[in-house]
Amino acid sequence: MIAEEDVQANWDEYKAVTVDVDRLRESLDSGNFSLMLLDEDVNIMIFKSDKTEGYYRGYANGVAANEAEFYCGDNLCSCYVDFGTHFYQISPTGDTAGNETIYVLYMTDYEKEKQRHDKYPIDPLTFEISNEDSLGHNISIEIFDPSNSLIFSENYSISPDEIIVSPDISEVLGRHRYVVILDDDHRFEEFATVARAAELVSSEKLYFNIVNNSESPMDVAVAIA
C-alpha cells in the first residue's frame with residue numbers, strides 16, 4: 001500500500017508499477033538500455049557492476065553527472081536515477097498482487113524538496129534497545145534504506161537494566177528495513193519510516209526491549225519520533 005502521507009510529504013509524482021526482475025537484470029548486463037520513468041524516456045549506460053552482489057552503477061542520457069544506481073537481487077530490485085534537478089527512485093512497497101511484487105516509481109524535484117525541507121525538517125531514523133532481563137545479551141542490528149542498501153550494521157553487548165540509544169542513522173525519506181539477531185538465535189525483521197516533522201508526519205522510532213521469556217525474548221514497539 002502506498003501511503004498518502006508519503007505522497008504528500010516526499011514525492012512530486014508517483015506511480016505503482018511491477019518489475020520483471022529477470023528482464024531488468026538482462027538489460028543491466030547488456031550495459032546499455034532504455035527506461036521509461038513516468039513520462040521521461042531515459043537511456044542508461046552501465047560502467048560498473050558486481051553481479052555477485054547484484055549492484056550496478058552507471059549514468060543517464062550520456063551525462064556522467066546523471067548518476068544511476070541499481071540493485072538487482074534474486075526476487076527484488078531497486079533503482080535510483082539522479083538528473084541534478086530531479087531524481088527518480090523505484091522501491092518495493094512490501095505488497096503483492098497475485099505473485100507479483102508492487103513497486104513505487106516516484107520522482108522528487110530538488111527545488112520543491114528544498115522548500116519542503118525548509119518548512120518541514122526530516123526526523124532522522126533512530127532506535128533504542130533496553131534490557132529488562134536479569135542476564136546480559138548480544139544483539140546485532142542491520143538497517144537497509146528504501147533502496148535496500150545496507151546503511152547501518154552494529155553489534156551490541158547489553159547488560160541487565162542497560163539502555164542503548166542509537167545515533168542518528170538516516171535522513172532518507174521512506175521505509176527502512178531492520179534485520180535483528182538476538183544471541184545468534186532469534187532473527188526477525190522490522191520496518192520504520194523516515195518522514196518529516198511538524199504538520200505532515202514524523203519518523204517512526206523502534207524500541208527493542210529484551211525480556212525474560214524464552215519463547216518471545218524481545219518486545220518491539222514503534223512510536224513517532
Side-chain angles (χ1 to χ4, degrees), residues 1-3 5-7 9-11 14 16-19 21-22 24-25 28 48-58 67-82 87-96 100-108 122-129 138-156 164-196 201-208 218 220-225:
M1 180 178 179
I2 299 173
E5 59 264 27
D6 285 337
V7 177
N10 310 326
W11 310 335
Y14 81 100
V17 298
T18 58
V19 178
V21 177
D22 291 335
L24 176 60
R25 188 183 295 106
L28 291 164
K48 181 180 180 181
S49 63
D50 184 339
K51 295 181 183 180
T52 302
E53 296 295 328
Y55 174 76
Y56 299 81
R57 185 177 180 186
E67 179 183 2
E69 290 186 317
F70 297 82
Y71 168 78
C72 204
D74 292 336
N75 300 307
L76 293 175
C77 65
S78 61
C79 163
Y80 173 83
V81 183
D82 192 335
F87 71 86
Y88 294 96
Q89 191 153 343
I90 301 175
S91 300
T93 64
D95 295 327
T96 58
E100 293 189 288
T101 298
I102 303 301
Y103 292 76
V104 59
L105 161 60
Y106 63 87
M107 184 275 286
T108 299
I122 295 172
D123 283 335
L125 188 73
T126 61
F127 63 84
E128 186 173 301
I129 310 168
N138 296 314
I139 181 172
S140 70
I141 295 181
E142 293 183 337
I143 301 175
F144 297 81
D145 70 9
S147 297
N148 204 41
S149 297
L150 178 65
I151 59 170
F152 181 87
S153 180
E154 192 64 69
N155 297 309
Y156 299 99
I164 296 173
V165 179
S166 78
D168 292 348
I169 296 166
S170 174
E171 292 190 8
V172 176
L173 295 166
R175 194 167 182 248
H176 290 61
R177 178 169 63 97
Y178 286 69
V179 177
V180 182
I181 301 175
L182 179 64
D183 295 330
D184 297 320
D185 188 22
H186 301 276
R187 182 187 186 280
F188 57 94
E189 294 186 1
E190 295 289 341
F191 294 88
T193 298
V194 173
R196 297 186 181 279
V201 288
S202 295
S203 294
E204 296 172 332
K205 181 176 181 178
L206 290 178
Y207 293 84
F208 301 100
M218 179 173 287
V220 182
V222 59
I224 300 299

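Values below: every heavy atom of this structure, side chains too, minus hydrogens, waters and symmetry copies.
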Which atoms form the tightest heavy-atom contact between T126 and P167, and what is the distance? CG2-O, 3.7 Å

Main-chain N/O of K51 paired to S49 side chain as donor or acceptor, under 3.5 Å: no

Counting heavy atoms not belonging to E171, are there more than 12 under 6.0 Å from its CD? yes

Taking atom CG of L24 and atom CD1 of I90, what is their separation to the nearest 0.5 Å? 7.5 Å

For D123, does its backbone N or O pair with a side-chain atom of S203 as donor and acceptor, under 3.5 Å? yes

Between V104 and V17, is any pair of side-chain heavy atoms under 4.5 Å apart? no

Run the side chain to side chain donor-acceptor pair (under 3.5 Å) test on T193 and H176 for me, step by step, so that the C-alpha distance in whole Å, both residues' side-chain angles and the decisive distance to 0.1 Å come before the verdict. CA-CA 6 Å; T193 298; H176 290 61; over 6 Å; no

Report the distance from atom NZ of K205 to atom CD of E128, rounding to the nearest 0.5 Å. 5.0 Å

Determine yes or no for a side-chain-to-main-chain donor-acceptor pair under 3.5 angstrom, with T101 supplying the side chain and T96 the backbone. no

For T93 and R175 the tightest heavy-atom approach is O-NH1, 3.4 Å

Taking C-beta and beyond as the side chain, do V194 and V172 meet within less than 4.5 Å on heavy atoms? no

OG on S153 to CD1 on I151, rounded to 0.5 Å: 11.0 Å

Can you confirm whether L173 sits close enough to I122 that some side-chain heavy atom of one is under 4.5 Å from a side-chain heavy atom of the other? yes

If I compare all heavy atoms of C72 with all of C77, which pair ends up nearest, and what's the gap? CA-CB, 4.1 Å

Apply the test side chain to side chain contact (heavy atoms under 4.5 Å, CB included) to residues I143 and L125: give CA-CA distance (whole Å), side-chain angles for both, the deciding distance (0.1 Å), then the verdict. CA-CA 10 Å; I143 301 175; L125 188 73; 3.9 Å; yes

Got a donor-acceptor contact below 3.5 angstrom from the S91 side chain to the P146 backbone? yes

Where do V21 and G73 come nearest, in terms of heavy atoms and distance? CG1-O, 3.6 Å

May I have the step-by-step check of side chain to side chain donor-acceptor pair (under 3.5 Å) for Y71 and E53, ending in yes or no? CA-CA 8 Å; Y71 168 78; E53 296 295 328; over 6 Å; no

Does the separation of the ring centres of Y80 and Y88 fall below 6.0 angstrom? no

Spacing of T18 atom OG1 and L105 atom CG [to the nearest 0.5 Å]: 11.5 Å

Derivation of the side chain to side chain contact (heavy atoms under 4.5 Å, CB included) call for V222 and F191: CA-CA 9 Å; V222 59; F191 294 88; over 6 Å; no

Might you work through the side chain to side chain contact (heavy atoms under 4.5 Å, CB included) test for E154 and I141, ending with a clear yes or no? CA-CA 6 Å; E154 192 64 69; I141 295 181; 5.7 Å; no

Face-on cation placement of R177 at F144 ring, 6.0 Å and 45° thresholds: yes

Test item: F70 and R57 side chains (from C-beta on) under 4.5 Å apart, heavy atoms: no

Side chain to side chain contact (heavy atoms under 4.5 Å, CB included) for V220 and L206? Distances and angles first, verdict last. CA-CA 7 Å; V220 182; L206 290 178; 4.2 Å; yes

Strictly distance-based, threshold 3.5 Å: is any side-chain N or O of D50 a donor or acceptor partner for the main-chain N or O of T52? yes

Close side-chain approach of E142 and L150, heavy atoms under 4.5 Å: yes

Heavy atoms only: give me the nearest A192-E204 pair and the separation to one decimal. CA-OE1, 3.4 Å

Point-to-point distance, once rounded to the nearest 0.5 Å, from CG of N155 to OG of S140: 5.0 Å

Please state whether the rings of F127 and F208 are parallel, tilted or perpendicular, taking 30° and 60° as the class boundaries. perpendicular

I need the minimum non-hydrogen distance between Y103 and V19, along with the two atoms involved. CD1-CG2, 3.6 Å

As an exercise, state the distance from CZ of F87 to CE of M107, rounded to the nearest 0.5 Å. 9.5 Å

Beyond-backbone contact of V81 with C79, side-chain heavy atoms, under 4.5 angstrom: yes

